[in-house]
*Asks:* 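Below you'll find the structure I mean.
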Amino acid sequence: AGITNLSSLVTGSTSVNISWLPPPRSGWNGLITQYNISYVSIDPRIDPSINGLVVLYPVDFINGNNPRTASDPLKRESIIVPDLEEFVSYLFTVTIETIVGVNQPEDTPPAIEEITAEAAPSGPPTSISVDVLSSLKADISWNLPLYLDRNGIITHYLINISDTLNTRLVKVYEMNYPAENLPQFAVFSVSISAVTSEGIGPYSDVISNKTFEGLPSPPNVTLTLQDRCSTILVEWTEPEFPNGIIIGYYIFYFGTKTSGDIFEGLNTNLTKRINGNTTRSYNLTGLLSDSTYSVNVTAFTSAGNGSTGIGGEQTLPTGIPPSVPTGPEFTISTPTQEPGDEDIATDTTIRIEFVIPEELNRNGPVQRVRIVVRIFGSSNDTIDIWYNSFNSRDSESAPPYQAVEVDIEENRIEELNRNGPVQRVRIVVRIFGSSNDTIDIWYNSFNSRDSESAPPYQAVEVDIEENR
């Protein structure tokens, strides 16, 4: 006869206790020498299946004592089956063996099924893939650990992502993870562990990859005014985070007149490109005086232009008035005379009026204007007589120095004919900047159309358009 009351009890993730009652004494058919406990895995995913055998020897037989008598209570036998796989279903069968042989199959009770307990995984996830998508992102995917390494139901995964600056541990429930905010143009490493209710499994081997190039961080900019006062030296540092291979730099700048005036091109954003990463300075030349320039620098990689920082500002002082294609509008007339003024000798005095072109204020407001009358003798010997300008009495609201009156008599024009008739007269308008820098604009004279009887060259008319 076979055993009865077969039962099982899980005692751990790798062991099960199997117990039973021996058959009645009348069914022994000889002395029981041993119990054979065999087991086999029944999960189709385990191929080949796991099987094994353990043997239990009755205590009395092993110790040489007399066998139990039929009148003795039957003692329940049990044994712990060790070295099983974690979280695996097994079928357990118990047979009896005597000195004659093993009991017949028809006398063997049905097998009993039992599942070992869960444990922490004994192997890492498999088929790990790290695909870089951009300078900041990567897609990480993987598969479950091998079946016999899972040791239970996988509840989640732990991903360790590290680079030269940081390490982060991410808990995920799917078998993929979109990693973001990775370091740009840098190597990063990934390893993954599976987790069950009983603990964390081993981490996978490290897999490394490198993100694409990104946009550089802004350089630090320093501005220095050069001696010529129309040049700014721009210097900058390499970006703290290049995020790629620096191909070059762009300098962005624009100017604003200190006086608030706007000139064409001054308030327009201008750009200079510097190729390479070894040159980190540049002279901005041909700038306008009396202006404030805002300057910034950005680096660029194959991914594009980086951001700009706070940059800098540099103010250029006033300078020499610039050359202009045409001089001031210039007219010659008889002097004006207000009631109560002293008599003005109109036959020896001329009134010179002019308007200062706005372009002459580009390098700073014009501070002073002087006019020179150049007298030419018969041998082209010359003498220059200078006159300071003043505001016209009837143009107080106009910009300064728009009119000047020149009293030729006071300068003794007749004395200039003593060594021969004066042949030619030239007039120059001298424009003074705030630092007394000057620019001269010359005009040739000719006889006044309405003064043929007057001494030669005591009055001139200046046609600005012809002289440009």
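Positions are given from 1, in the same order as the sequence printed here.
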*Asks:* Where the side chain of Asn275 meets the backbone of Gly248, is there a donor-acceptor pair that is under 3.5 Å apart?
*Replies:* no
*Asks:* For residues Gly152 and Phe87, report the shortest heavy-atom separation together with the two atoms involved.
*Replies:* CA-CD2, 3.4 Å
*Asks:* Please enumerate all residues that pass salt bridge (charged side-chain N to carboxylate O under 4.0 Å, His left out) together with Asp163, with sequence neighbours excluded.
*Replies:* none
*Asks:* Compute whether any side-chain donor of one residue and acceptor of the other, for Asn166 and Arg168, lie under 3.5 angstrom apart.
*Replies:*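 The answer is no; no qualifying pair exists.
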*Asks:* For the backbone of Phe252 and the side chain of Thr271, can you confirm whether one donor and one acceptor N or O come within less than 3.5 Å of each other?
*Replies:*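 Checking the backbone N and O of Phe252 against the side chain of Thr271, no donor-acceptor pair under 3.5 Å is found.
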*Asks:* Which pairs, with at least one residue in residues 176-186 and sequence neighbours excluded, count as a side chain to side chain donor-acceptor pair (under 3.5 Å)?
*Replies:*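 Residue pairs with at least one partner in residues 176-186: Ser135-Gln184.
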*Asks:* What closest approach, in Å, do Leu144 and Met175 show between heavy atoms, and which atom pair accounts for it?
*Replies:* N-SD, 3.6 Å
*Asks:* Does the Ser291 side chain pair with the main chain of Ser289, one donor and one acceptor, at a distance under 3.5 Å?
*Replies:* yes
*Asks:* Taking the ring centre of each residue, are Trp20 and Tyr35 less than 6.0 Å apart?
*Replies:* yes
*Asks:* Between Val81 and Ile18, which heavy-atom pair has the shortest distance, and what is it?
*Replies:*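 That would be CG2-CG1, 3.9 Å.
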*Asks:* Could you tell me whether the side chains of Tyr253 and Asn269 share a donor-acceptor contact shorter than 3.5 Å?
*Replies:*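 No, Asn269 and Tyr253 have no side-chain donor paired with an acceptor closer than 3.5 Å.
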*Asks:* Under a plain distance cut-off of 3.5 Å, with no hydrogens placed, do Ser122 and Asp149 share a side-chain donor-acceptor pair?
*Replies:* yes
*Asks:* Going by side chain to side chain donor-acceptor pair (under 3.5 Å), name the pairs with one or both residues in residues 186-203, residues two or more places apart or in two chains.
*Replies:*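 Of all non-adjacent pairs touching residues 186-203, those that pass side chain to side chain donor-acceptor pair (under 3.5 Å) are Ser189-Ser208.
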*Asks:* Can you list everything that forms a side-chain hydrogen bond (donor to acceptor under 3.5 Å, both in side chains) with Glu86? Sequence neighbours excluded, please.
*Replies:*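 side-chain hydrogen bond (donor to acceptor under 3.5 Å, both in side chains) list for Glu86, sorted by chain: empty.
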*Asks:* Does the pair Ser281 and Glu235 meet the rule for a side-chain hydrogen bond (donor to acceptor under 3.5 Å, both in side chains), with working shown?
*Replies:* CA-CA 4 Å; Ser281 66; Glu235 298 176 288; 5.4 Å; no
*Asks:* Who are the ring pair (Phe, Tyr, Trp, His ring centres under 6.0 Å) partners of Phe300, not counting sequence neighbours?
*Replies:* Tyr250
*Asks:* Below 30° counts as parallel, above 60° as perpendicular, anything between as tilted: where do the rings of Trp142 and Tyr157 land?
*Replies:*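 The rings of Trp142 and Tyr157 stand perpendicular, inter-plane angle above 60°.
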*Asks:* Suppose the criterion is side chain to side chain donor-acceptor pair (under 3.5 Å): which pairs have a residue in residues 300-311, not counting sequence neighbours?
*Replies:*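 Of all non-adjacent pairs touching residues 300-311, those that pass side chain to side chain donor-acceptor pair (under 3.5 Å) are Glu213-Ser302.
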*Asks:* Judged by atom type as modelled, is there a donor-acceptor pair below 3.5 Å linking the side chain of Asp131 to the main-chain atoms of Asp139?
*Replies:* no
*Asks:* Take atom CD1 of Ile310 as the centre, draw a 6.0 Å sphere, and report whether it contains more than 12 heavy atoms from other residues, nucleotides or ligands.
*Replies:*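 Atom CD1 in Ile310 is not packed in, count stays at 12 or less.
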*Asks:* Run the side-chain hydrogen bond (donor to acceptor under 3.5 Å, both in side chains) check on Thr292 and Thr315 step by step: do they pass?
*Replies:* CA-CA 4 Å; Thr292 298; Thr315 298; 2.9 Å; yes
*Asks:* Check each of Asn36, Ile79, Leu6 against Val94 using the side-chain contact (heavy atoms from CB on, under 4.5 Å) test, and report the only one that passes.
*Replies:* Leu6
*Asks:* I'd like to know if the side chain of Thr116 reaches the main chain of Glu85, judged simply by a donor and an acceptor atom lying under 3.5 Å from each other, with no hydrogens or angles considered.
*Replies:* yes
*Asks:* Nearest 0.5 Å, what's the CD1-CD distance between Ile42 and Glu114?
*Replies:*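 Result: 10.5 Å between the selected atoms.
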*Asks:* How close do Gly304 and Pro216 get, counting heavy atoms only, and between which atoms?
*Replies:*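 That closest heavy-atom pairing would be O-CD, 4.1 Å.
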*Asks:* Report the C-alpha separation of Tyr293 and Leu287 in whole Å, then their side-chain angles, then the decisive distance to 0.1 Å, and conclude whether the side chain to side chain contact (heavy atoms under 4.5 Å, CB included) test is met.
*Replies:* CA-CA 9 Å; Tyr293 282 84; Leu287 305 178; 3.7 Å; yes
*Asks:* Using modelled atom types only, decide if a donor and an acceptor are shared between the side chain of Thr211 and the backbone of Ala186 within a distance under 3.5 Å.
*Replies:*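 Yes: the side chain of Thr211 pairs with the backbone of Ala186.
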*Asks:* Kindly compute the distance separating OG (Ser38) from CG (Asn51), expressed to the nearest 0.5 Å.
*Replies:* 9.0 Å
*Asks:* Considering all heavy atoms of both residues, which atom of Val10 and which atom of Ile115 are nearest to each other, and what is their separation?
*Replies:*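 Between these two residues, the closest heavy atoms are CG2-O, 3.1 Å.
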*Asks:* Without hydrogens or angle criteria, can the side chains of Thr231 and Thr285 be said to hold a donor-acceptor pair below 3.5 Å?
*Replies:*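 Side-chain D/A pair, Thr231 to Thr285: absent.
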*Asks:* Where is the tightest heavy-atom contact between Ser204 and Pro125, given as atom of each residue plus distance?
*Replies:*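 Scanning both residues, the minimum pair turns out to be CB-O, 4.4 Å.
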